[in-house]
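Beneath this line is the structure, given in structure tokens, with notes to follow.
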Amino acid sequence: MNIFNEFEEKLYAVYAKLSKQHDFPSNLDLSKCVIELPRDETHGDLACNAALVLAKPLNYPPRKLAELIAKELEKDDSVLATEIAGPGFINLRLHQSRWGQEILTILEQADAFGKNTIGTGKNINIEFVSANPTGPLHAAHARGAILGDVLSNLMAFSGYNVTREYYINDAGSQIITLSKSAYLRYCEVLGVKIDSIPSGLYPGDYLIDVGEKLASKFGDSLHQLSEAEQVEVIGPIAVELMMSSIKKDLSRLGITMDVYSSENTLVKNGNVSSAIQKLQQDGLIYKGKPEAPKGQRDDQWAPREQLLFKSKEFGDDVDRPLQKSDDSWTYFASDVAYHFDKLERTNGRLVDVLGADHSGYVKRMTAAVQAMSGEKDMLQIKQCGLVTLLDKGQPVKMSKRAGTFVTLSDVIDAVGADVMRFMMLTRRNDQPLEFDYAKVTEKSRDNPVFYVQYAHARAKSVLRQNKKPIAEVNYSVLTDIHEIRVIKQLSSWPKLVEAAVHQCEPHRIAFYLMELAAVFHGLWNAGRDNLELKFIQESDDELTLARMQLIDATALVIKSGLNLLSIDAVEEM
RNA sequence: GCGCCUGUAGCUCAGCUGGAUAGAGCACUAGACUUCGAAUCUAGGGGCCAGGGGUUCGAAUCCUCUCGGGCGCGCCA
């Protein structure tokens, strides 16, 4: 129970009482009535919009309604005064001692402070990264990886039973390309001179390792195999080596997946045909000719009869093909099967974290999941915007075709995993993000990671300085505006977590921590201008102790937030 | 051409699922270190929230149109 829930419940009680007196309907939806911190401090401690929300359904003038509610709320012990403002806001002023009590709540709940029960008893599957196993992770992959991981942390913090999942696209033509490219490197290792990598193959140096492994395992025996046989032998080995490099990079970022799913396995086990069969039974599949895509030349378009899924019935723009001309499944078909598999395993909601370049894929996939689950919001897709890598403001050249690209591993070497994790959340997920790895290692206000960690280290430092004995704490001595600001920010933590979970927006945690650090630094420096605000007051044990608890609570919440981001809360720096 | 995202201070971005006079950082100006950590803080200027119309007690937020950016668009994954 935090102060906002507490007053919301008080509000519900007030409404129940008023509904009897004035014959208001007792089952009215009060969920839009909220208790919040007013934006302007001069408006009081808490603000309530209930009168504005309820005026219309009750057909009652908002200000009069506000008066009725305010009069009841005023009877509460912790309420000092109420006032009606603007069109009908109810502003509450609390007794000065009320905010201090929040510290006790925070310290008692400790690590559990901020948790909620939104997901209790529910399962959720979060799929992220799922980079093709044809090369190492590059810097831009970090964003989806971190978004997915922190989202998973958030969900778990809210009670969900979370599965972190990675989908390995180890089927289809790219694996053929991969093994051909690896074979070329293998030949190179065995002494065949390669001038340049033919176009269409992967040119990256990382395949030299694979070539070496193949050479040491097979000697020169691979030459005797047919091309198809080579793919069969090399493909799985190359994929495994790529995946182990990917897993290593993820683990450097602090990310551990619960499940790795293989597309190849899915196809081999017949999951695709069984998923298609299910859709067929539901009458959602037919043979037909797909519409020509708009904006392309008609003469390029050769209409062909193929198996189509009625995604249009579920909000997609056109029906989508499931089979290629050689009768093998399209990527979409195996993805349908994969999501069907996930639905069955999860028995709960699915989340896909995708890159911005997959935006054309959202509608058809949500359509498919809706068709299979019968529920509209079973699949939620979070997309992340592009990442532009900069070095002192200059773009870092990345060219996958030339094989010169900045790997995730390089960037972690340069800035560290903590910085990487925090910076990737300093922008809303669907917006493009610039990542300047010269700048993010600065130790200044410019660098939010250090700013937040510095606040934590400072807090821990002053706690170490304190020599006062622990005793009964009287929180009502905390009355300065700077202290109250910090307490208010701390109290908002559970509310913030709820909003972040509800919107699936981990960046809110990062922004919250920056604000909390700012009000805490503000409080600290207030003690420089006004010596009475220094935390440790030699002649006043009571005040000192209360302040120590405030600092303790601050450190606790910062640590809790950083934990959600999987970032260390350092005690000294 | 169609779909999705997007336009907020000079710059980089928030804006709590519709709330009060739209916020923060950077940059700029002026200040605060014999002091619990100055890796910090305080104060100031700076805005038709791209533009028009609509919905209502109330719009940066929802709807619609216009203009300007990004991404995607049959058998690649």
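Chain A is the first sequence line, chain B the second, and so forth, proteins listed ahead of strands; every chain is numbered from 1. All figures in this text were calculated on a predicted structure; none of them were measured in a lab.
Under the side chain to side chain donor-acceptor pair (under 3.5 Å) criterion, no residue pair touches residues 381-390 of chain A, with sequence neighbours excluded.
Comparing the C1' positions of B:G74 and B:C11 gives an interatomic distance of 43 Å, to the nearest angstrom. Taking the P atoms as reference points, B:G3 lies 48 Å from B:U40, given to the whole Å. Distance noted for atom P between B:U8 and B:U42: 27 Å (whole Å). Between the C1' atoms of B:A27 and B:U66, the separation comes to 34 Å (whole Å). Taking atom C1' in both B:U35 and B:A24, one finds a spacing of 29 Å when rounded to whole Å. B:C26 and B:G70 have their C1' atoms separated by 25 Å, with the value rounded to a whole Å. Rounded to whole Å, the separation between the P atoms of B:G23 and B:C16 comes to 14 Å.
The NZ atom of A:K534 lies 12.5 Å from the CG atom of A:D529; values are rounded to the nearest 0.5 Å. From A:F89, atom CZ reaches atom CD of A:E36 across 7.5 Å, with rounding to the nearest 0.5 Å. Rounding to the nearest 0.5 angstrom, the gap separating the CE atom in A:M548 from the CG atom in A:D541 is 11.0 Å.
Using a 4.5 Å heavy-atom cutoff, the side chains of A:L496 and A:I509 are in contact. Contact of the A:E572 side chain with the A:R464 side chain is registered, since non-hydrogen atoms from C-beta on lie closer than 4.5 Å. Looking only at side-chain heavy atoms (C-beta outward), A:Q537 and A:E542 stay at 4.5 Å or farther from each other. Within the 4.5 Å cutoff, no side-chain heavy atoms of A:P494 are placed close to those of A:N116. Inter-residue side-chain proximity for A:F340 and A:N271 is flagged as unmet; no heavy-atom pair is nearer than 4.5 Å.
Pairing of B:C73, defined by two Watson-Crick or G-U wobble distances under 3.5 Å, is identified with B:G1. Across all strands shown, B:G45 remains unpaired; no Watson-Crick or G-U wobble contact has both distances below 3.5 Å. With a 3.5 Å ceiling on both atom-pair distances, the Watson-Crick or G-U wobble partner of B:A24 is B:U12. Across all strands shown, B:U66 is found opposite B:A50 as a Watson-Crick or G-U wobble partner, with both distances under 3.5 Å. Pair check for B:C36 finds none; no Watson-Crick or G-U wobble contact set falls under 3.5 Å.
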Look for any protein N or O under 3.5 Å of an N or O in nucleotides 4-12 of chain B and output each such pair with its distance, or none.
| from | atom 1 | to | atom 2 | distance (Å) |
| --- | --- | --- | --- | --- |
| B:U6 | OP1 | A:R428 | NH1 | 3.2 |
| B:U12 | O2' | A:R427 | NH2 | 3.4 |

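Look at CG on A:N264: it is 13 Å from P on B:A77, rounded to the nearest Å. Atom pair A:D319:CG and B:C75:P shows a separation of 15 Å (rounding to whole Å applied). The interatomic distance linking A:K32 (NZ) with B:C57 (P) rounds to 15 Å, in whole Å. For the pair A:R485 CZ and B:C41 P, the computed distance is 13 Å after rounding to whole Å. Summarising the geometry, the separation between NE2 on A:H456 and P on B:U40 is reported as 18 Å, rounded to the nearest angstrom. A straight line from CG of A:L516 to P of B:C41 spans 13 Å, rounded to a whole angstrom. In this entry the distance linking CE of A:M514 with P of B:A39 reads 21 Å, nearest Å. Separating the CG atom of A:N49 from the P atom of B:U17 is a distance of 11 Å, rounded to the nearest angstrom.
Base engagement by A:H502 is indicated by at least one non-hydrogen atom pair under 4.0 Å involving a base atom. Residue A:H358 is classed as a base contact, given a heavy-atom separation below 4.0 Å to a base. Nucleic acid contact for A:V34: none, since no nucleic acid atom lies under 4.0 Å from a heavy atom of the residue. Residue A:A500 is out of contact with every strand shown, counting any heavy-atom pair closer than 4.0 Å. Within 4.0 Å of A:D326, counting heavy atoms only, lies no atom of the nucleic acid at all. Contacts of A:P62 with the nucleic acid, taken as non-hydrogen atoms under 4.0 Å apart, are absent.
Place A:P432 and A:R464 on RNA chain B by their nearest nucleotides, and A:P432 ends up nearer the 5' end.
Proximity note for A:D40 (side chain, C-beta onward) versus B:U21, B:G37, B:G19: the nearest is B:U21. The A:D317 side chain lies nearest to B:G3 when the options are B:G72, B:G3, B:A77.
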Checklist line | Protein proximity profile, nucleotides 28-36 of chain B - base contact B, sugar-phosphate-only contact S, no contact -, cut-off 4.0 Å on heavy atoms | finding: -------BB
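Legend: residues meeting side-chain contact (heavy atoms from CB on, under 4.5 Å) with A:D480, ordered by chain and number and at least two apart, are A:H482, A:E483, A:L533. Partners of A:D341 according to the side-chain hydrogen bond (donor to acceptor under 3.5 Å, both in side chains) rule, which considers only residues two or more places apart in sequence or in another chain, are A:R345.
Within 6.0 Å of CG in A:D540 there are more than 12 heavy atoms belonging to other residues, nucleotides or ligands.
Note on A:Q503: a side-chain N or O is less than 4.0 Å away from OP1 or OP2 of B:U17. One finds no side-chain N or O of A:Y361 lying less than 4.0 angstrom from the OP1 or OP2 phosphate oxygen of B:G74.
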Notebook entry, point to check: Can you list the steps and then say if A:R93 with A:E83 is a salt bridge (Lys or Arg N to Asp or Glu O under 4.0 Å)?
Noted result: CA-CA 8 Å; A:R93 278 174 212 283; A:E83 61 189 54; 3.5 Å; yes
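For the 3.5 Å distance criterion, the side chains of A:E263 and A:S334 qualify, holding a donor opposite an acceptor.
A heavy atom closer than 4.0 Å to some atom of RNA chain B occurs in no member of residues 489-497 of chain A.
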